[in-house]
Amino acid sequence: MTKPILLIVDDDEEIRTQMKWALAEDYEILLAGDRAGALEAFSANHPLVVLLDLGCRRVPPSPRKVWPR
């Protein structure tokens, strides 16, 4: 049986690693360290679950999308 995909988004590498170790038995884990990486991973893989650090640092807006504050 295929594991569901889980995306972990956190700007702290240690937290991403700890969460990956804790959840890897039950999920296929994807990691992102910033919002841009999270959007890319989400668009490409359509994870079932996303664990998101709401305090993730903002990245400069891209020319095509401006992040709301």
I need the L52 CG to R35 CZ distance, nearest 0.5 Å. 7.5 Å
For the residue pair I29 and I8, establish whether any side-chain heavy-atom pair is separated by less than 4.5 Å. yes
For M19 and L51, the nearest pair of non-hydrogen atoms, with its separation, is CE-CD1, 3.3 Å
Can you confirm whether D53 sits close enough to V9 that some side-chain heavy atom of one is under 4.5 Å from a side-chain heavy atom of the other? no
Let me confirm one number: the CD-NZ distance from E13 to K20, rounded to the nearest 0.5 Å. 10.5 Å
Indicate the atoms forming the closest heavy-atom contact of A38 with A32, along with that distance. N-CB, 3.5 Å
Cluster question for you: counting only ILVMFWY and a side-chain heavy-atom cut-off of under 4.5 Å, with indirect links fine, are L39 and L31 together? no
How long is the span from the CG atom in D34 to the CG atom in D10, to the nearest 0.5 Å? 11.0 Å
Just by distance, do the side chain of N45 and the backbone of P47 share a donor-acceptor pair under 3.5 Å? no
Close side-chain approach of I5 and L48, heavy atoms under 4.5 Å: no
Residues 21-28 side chain polar contacts: donor-acceptor under 3.5 Å, at least two apart:
none

